[in-house]
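So the structure is just underneath, and the comments pick up after that.
First the proteins, then the strands, lettered A, B, ... as listed; each starts at 1.
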Amino acid sequence: MRLLSATWADMRFQLKHGFYLVYVIITITYLIVLSFLPENIFSVTLPLVVFSDPSVLGLFFIGGIILLEKGQGVLMVLVVSPLRSQEYILAKVISLTIISVLAALAITFFGQYPTVNWLLIIISTIITSAIFTLLGIIINAGCNTVNQYMLKTIPYMLLFLLPCLSLVGFPYSWLFTIFPSVAALKLMLGAYHGIYWVEATALTAYLLGFCYLLLRLTVKIFEKEIVFQD
Amino acid sequence: MIQIILFKNDIKQIVRDPIMALLLVAPVLLISVFKILEVFLIPFLATNTGFDITPYNAYILSFVLLINSGMLGIVTGFMMLDERDGNIAQLLEITPLGRSGYLLNRLLFASLLSIIYCFLSFGVFNLVDVPLLAIIFISILASNYTGIIGLLIYSGADDKVKGLTFAKGLNSLVLFAFTDLFSLTWLTILSWFFPPYWITLIIKSPNSPVLYGAALLVHIIWLGLLIFRYGRRES
């Protein structure tokens, strides 16, 4: 119940701050650009667009959200409120993931991609969004300004996104699947280009396990370096 | 004189704060990433999909310039937002520097960097043949664009989160740099009112004085309106 209320409150906050509106604009922008791409480029670009923007939006926004709430004293109230740190974090993850999923579905639907596994799109977007939002909370530790946060995200982004180039394919490139971003992108591409169900299940299980571990780590860092440091 | 002292202090702040220094070097990183993509991705696309990107060179260059200038604008906008939250802006405004001096100081710094990175981009990406005069003019427009983005974020956002929302939305402005490709009349007409469109157009036709005039007019109107809004908001 507390989690539900916190999620609802976060969603209202995001609506008030124009998150939904800005993603309508961004979705339209992408759709205009995608509609002019040749067929062979479009089939590769659309999954990459969904992976690189809606799925990663949590990383972009979470820094500002936490810094603002820190400044407003919300995090100090959190210490004495019945809402647990884990619930606070999960509410942020869920609310931002909802925008991610809606944007991903809208881009795919209106982009009129011919063959789509909708369930896989939803699963891969949820997992990718959760990973990047949790990563954003970890990066946020020790930041005092948005500029600091944005700069600190660069090495993490490189660490997570550069291995994705391994999907181009070269000897032993499958080893890069150990990177959660590569596994998530494989799952996402599978939703559009087709994937064996065994591989999809294995990737989903691996990513869910990683998400769980990342959540535990995030809660620890959040309490130690963000809440109590404050 | 006070401008120079503050400018010197800004440089000191940047040199002392490694995060700020790195942030200002970030465009170099971005230019390097794009260069790597140019070297590896373009031949890869040509080999695997037969897609020839040469006709789009002007658009790629424009995209790099706009992303760099926009990024510097976003950094400036957030720097000003932070200073507003920390009441530093108000403190500076009651010094002899004044409100306009503060704004000039903030925008000038990022704009100068924008000019430097613009020249760097032209040097690194030898994609389009553009005369020096046009490069100088485009760098002035790019520096203007930095100011526009910084002011849009600062004057449009009440807090950091709204600032981020603005920053995200403002990235969509880059679309106007590509509207020529879409052949949509309504979109082209709409693009006339936005700076990115003109930057691409000048890269494509660097010898047209009419375009120079129109581009300058659009940029000055945007910057003028935003400075006017800043003055009204702060008073």
Side-chain angles (χ1 to χ4, degrees), chain A residues 13-33 35-45 53 57 59-72 99 142-155 157-158 161-162 165 168-169, chain B residues 17-26 29-30 33 36-37 40-41 44-45 48-53 71 74-83 85-86 153 156-184 186-187:
Chain A
F13 170 87
Q14 287 155 15
L15 188 69
K16 199 179 124 193
H17 278 79
F19 285 30
Y20 287 86
L21 178 69
V22 89
Y23 261 89
V24 169
I25 296 169
I26 289 170
T27 302
I28 292 170
T29 308
Y30 278 132
L31 288 172
I32 292 174
V33 176
S35 67
F36 284 90
L37 292 179
E39 189 76 30
N40 53 346
I41 302 284
F42 170 78
S43 63
V44 181
T45 311
D53 195 334
L57 73 90
L59 180 72
F60 186 78
F61 286 116
I62 196 69
I65 293 173
I66 291 185
L67 283 171
L68 181 73
E69 293 192 346
K70 201 170 161 184
Q72 289 173 335
I99 306 177
C143 290
N144 295 312
T145 65
V146 176
N147 278 341
Q148 280 180 346
Y149 173 77
M150 285 202 288
L151 188 75
K152 264 182 86 178
T153 56
I154 295 174
M157 285 294 277
L158 290 176
L161 296 181
L162 277 183
L165 292 174
V168 167
Chain B
D17 182 356
I19 295 231
M20 275 302 294
L22 272 171
L23 203 59
L24 295 176
V25 182
L29 190 75
L30 203 75
V33 170
I36 292 169
L37 287 179
F40 294 104
L41 192 69
F44 175 80
L45 276 177
N48 289 283
T49 65
F51 184 67
D52 179 20
I53 213 153
M71 190 158 85
I74 289 170
V75 170
T76 310
F78 278 113
M79 196 196 281
M80 288 167 74
L81 274 179
D82 280 329
E83 284 170 349
D85 287 351
I153 289 177
D158 300 322
D159 55 53
K160 295 177 178 80
V161 180
K162 267 204 179 137
L164 281 172
T165 318
F166 257 77
K168 193 82 192 164
L170 287 173
N171 282 335
S172 299
L173 281 181
V174 178
L175 170 78
F176 293 116
F178 304 102
T179 44
D180 264 5
L181 294 171
F182 304 140
S183 311
L184 293 172
W186 67 268
L187 193 59

Interchain contact, Leu187(B) with chain A, by part (heavy-atom threshold 4.5 Å): side chain
Answer with side chain, backbone, both or neither: which region of Phe178(B) has an atom nearer than 4.5 Å to a non-hydrogen atom of chain A? neither
Measuring from atom [atom1] of [X] to atom [atom2] of [Y], what distance do you get when rounded to the nearest 0.5 angstrom?
{"X": "Thr145(A)", "Y": "Glu83(B)", "atom1": "OG1", "atom2": "CD", "result": "10.5 Å"}
{"X": "Asn171(B)", "Y": "Ile25(A)", "atom1": "CG", "atom2": "CD1", "result": "12.0 Å"}
{"X": "Asn147(A)", "Y": "Leu81(B)", "atom1": "CG", "atom2": "CG", "result": "9.5 Å"}
{"X": "Phe60(A)", "Y": "Thr165(B)", "atom1": "CZ", "atom2": "OG1", "result": "8.0 Å"}

Residues forming a side-chain contact (heavy atoms from CB on, under 4.5 Å) with Ile28(A), sequence neighbours excluded: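 side-chain contact (heavy atoms from CB on, under 4.5 Å) check on Ile28(A) returns Val24(A), Ile32(A).
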For the candidates Asp158(B), Leu164(B), Asp82(B), which exhibits the highest count of non-hydrogen atom pairs separated by less than 4.5 Å from chain A? Leu164(B)
Tell me which of these, Asp53(A), Val44(A), Leu158(A), has more heavy-atom pairs under 4.5 Å with chain B than the rest. Asp53(A)
Are side-chain heavy atoms of [X] and [Y] found at a separation under 4.5 Å?
{"X": "Asp159(B)", "Y": "His17(A)", "value": "yes"}
{"X": "Lys168(B)", "Y": "Phe61(A)", "value": "yes"}
{"X": "Val33(A)", "Y": "Phe182(B)", "value": "yes"}
{"X": "Val161(B)", "Y": "Lys16(A)", "value": "no"}

By a 4.5 Å heavy-atom criterion (distance strictly below it), what part of Tyr30(A) contacts chain B: side chain, backbone, both, or neither? neither
With a 4.5 angstrom heavy-atom cut-off, is it the side chain or the backbone of Phe19(A) that approaches chain B, or both, or neither? both
